[in-house]
Amino acid sequence: QVHLAESGGGSVQAGGSLRLSCVASGYSDSTICMGWFRRVPGKEIEKVAFFYSGRGTTYYADSVKGRFTISLDNAKKTVDLLMNSLKPEDTGTYYCAADRSACVSALLFGRHGFEFLGQGTQVTVSS
């Protein structure tokens with residue numbers, strides 16, 4: 001059984017940095033799409049950043065490009081999200097997600113395109 005364990009998050013002032021990590025335990029396929037959604041207060045859940053191990057390709061939401069960096073250790077099935085220059089609008093609950101298919105396919109269906117979803121970790125950015 002696959003389990004996603006998230007760590008990191010917390011509270012930081014605007015302009016600061018945080019790192020989120022997620023480990024997919026029990027996952028045996030050779031390739032994986034892993035990344036993060038977030039639910040910002042008052043908004044629908046949105047895509048943040050994803051990494052597909054099969055091609056080494058990444059996806060970033062326009063709102064985080066240039067500030068967030070995603071990396072994936074395929075052997076360990078661990079994904080990290082380094083968040084720099086954080087803004088108050090980045091505040092929300094961040095959910096790790098993973099799927100066996102390529103990210104380009106999984107992301108077509110938003111979070112419903114992902115077979116595995118974590119419990120979420122809170123990120124709070126104060127102004």
Side-chain angles (χ1 to χ4, degrees):
Q1 187 174 359
V2 176
H3 175 68
L4 301 183
E6 300 143 328
S7 60
S11 298
V12 67
Q13 288 190 328
S17 299
L18 286 172
R19 180 188 294 273
L20 304 181
S21 293
C22 177
V23 179
S25 59
Y27 188 94
S28 59
D29 288 27
S30 59
T31 58
I32 190 170
C33 169
M34 285 186 80
W36 299 88
F37 289 93
R38 69 183 179 188
R39 187 184 298 277
V40 175
K43 294 186 179 181
E44 294 292 322
I45 194 167
E46 59 183 9
K47 310 164 190 173
V48 178
F50 293 85
F51 198 118
Y52 178 53
S53 66
R55 293 182 179 271
T57 51
T58 57
Y59 165 90
Y60 291 95
D62 288 342
S63 59
V64 307
K65 283 180 180 176
R67 300 188 298 121
F68 291 12
T69 302
I70 191 167
S71 58
L72 175 69
D73 184 330
N74 191 44
K76 297 180 180 179
K77 295 299 185 284
T78 300
V79 66
D80 287 345
L81 183 67
L82 176 60
M83 304 183 292
N84 293 324
S85 302
L86 282 162
K87 304 175 181 180
E89 50 263 43
D90 294 316
T91 295
T93 304
Y94 285 67
Y95 298 90
C96 179
D99 196 77
R100 307 174 199 275
S101 60
C103 292
V104 65
S105 298
L107 288 171
L108 288 174
F109 305 97
R111 65 171 175 169
H112 301 294
F114 287 78
E115 185 173 357
F116 311 108
L117 197 66
Q119 293 296 310
T121 186
Q122 180 66 30
V123 170
T124 302
V125 185
S126 58
S127 57

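Please read these numbers as outputs of a predicted model, since none were measured by experiment.
K76 approaches V23 most closely through the heavy-atom pair O-CG1, 4.1 Å. Taking every heavy atom of both residues into account, D99 and Y27 meet most closely at O-OH, 3.8 Å. When all heavy atoms are compared, the tightest approach of S85 to S17 is N-OG, 4.4 Å. In terms of heavy-atom proximity, L4 sits nearest to A24 at CD2-CB, 3.4 Å. Summarising the geometry of C96 relative to M34, their closest heavy-atom pair is SG-CE, 4.0 Å, with the distance given to 0.1 Å. Contact between S101 and A106 at its shortest, heavy atoms only, is OG-CB, 3.8 Å.
No chain of hydrophobic side-chain contacts below 4.5 Å, direct or via other Ile, Leu, Val, Met, Phe, Trp or Tyr residues, connects V40 to L86. Both L18 and V48 are part of a single hydrophobic cluster, where members link through side-chain heavy atoms under 4.5 Å apart. Each of V125 and L82 belongs to its own hydrophobic cluster when Ile, Leu, Val, Met, Phe, Trp and Tyr are linked at side-chain heavy-atom distances under 4.5 angstrom. Cluster annotation: I45 is connected to F114 through the hydrophobic network of ILVMFWY side chains, with a link wherever side-chain heavy atoms come within less than 4.5 Å. Side-chain heavy atoms closer than 4.5 Å link hydrophobic residues (I, L, V, M, F, W, Y) into clusters, and following such links, even through other members, never connects Y59 to L72.
Between the side chain of K47 and the backbone N or O of Y60 there is no donor-acceptor pair closer than 3.5 Å. Panel note: side chain D80, backbone S71; no donor-acceptor pair is recorded below 3.5 Å. Remark: side-chain polar atoms of R67 are paired, donor with acceptor, to backbone N or O of S63 under 3.5 angstrom. Judged by distance alone, the side chain of E6 and the main-chain N or O of G120 form a donor-acceptor pair under 3.5 Å. In this structure a side-chain-to-backbone donor-acceptor pair under 3.5 Å is present from T121 to G8. Side-chain atoms of S25 come within 3.5 Å of backbone N or O of H3 as a donor-acceptor pair.
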Check: Going through the checks in order, is the side-chain hydrogen bond (donor to acceptor under 3.5 Å, both in side chains) test met by D73 and T78?
Finding: CA-CA 5 Å; D73 184 330; T78 300; over 6 Å; no
Check: Can you check side-chain hydrogen bond (donor to acceptor under 3.5 Å, both in side chains) on Q122 and T93, steps first, answer last?
Finding: CA-CA 4 Å; Q122 180 66 30; T93 304; 3.0 Å; yes
Item checked: Evaluation steps, side chain to side chain contact (heavy atoms under 4.5 Å, CB included), between M83 and L20 -> CA-CA 8 Å; M83 304 183 292; L20 304 181; 3.7 Å; yes
Next item on the list: Tell me, with the steps shown, if Y95 and R111 meet side chain to side chain contact (heavy atoms under 4.5 Å, CB included).
Entry: CA-CA 10 Å; Y95 298 90; R111 65 171 175 169; over 6 Å; no
Notebook entry, point to check: side chain to side chain contact (heavy atoms under 4.5 Å, CB included) between T124 and V12: does it pass, once the steps are laid out?
Noted result: CA-CA 6 Å; T124 302; V12 67; over 6 Å; no
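Aromatic ring pairs are classed by plane angle as parallel below 30°, tilted from 30° to 60° and perpendicular above 60°; the pair F37 and F50 is perpendicular.
Going from atom CG of L81 over to atom OG of S21 covers 9.0 Å, rounded to the nearest 0.5 Å. Distance SG/C103 to CZ/R55: 12.0 Å, rounded to 0.5 Å. Note that the CZ atom of F68 and the CG atom of N84 stand 8.5 Å from one another [nearest 0.5 Å]. Considering OG of S28 and NZ of K77, their distance stands at 8.5 Å, rounded to 0.5 Å.
Remark: of the listed residues I32, N74, T57, T57 is the sole one forming a side-chain contact (heavy atoms from CB on, under 4.5 Å) with Y52.
Salt bridge status for D62 with K65: present, with a side-chain N to carboxylate O gap under 4.0 Å.
Summarising the local packing, CD of E89 is surrounded by more than 12 heavy atoms from other residues, nucleotides or ligands at distances under 6.0 Å.
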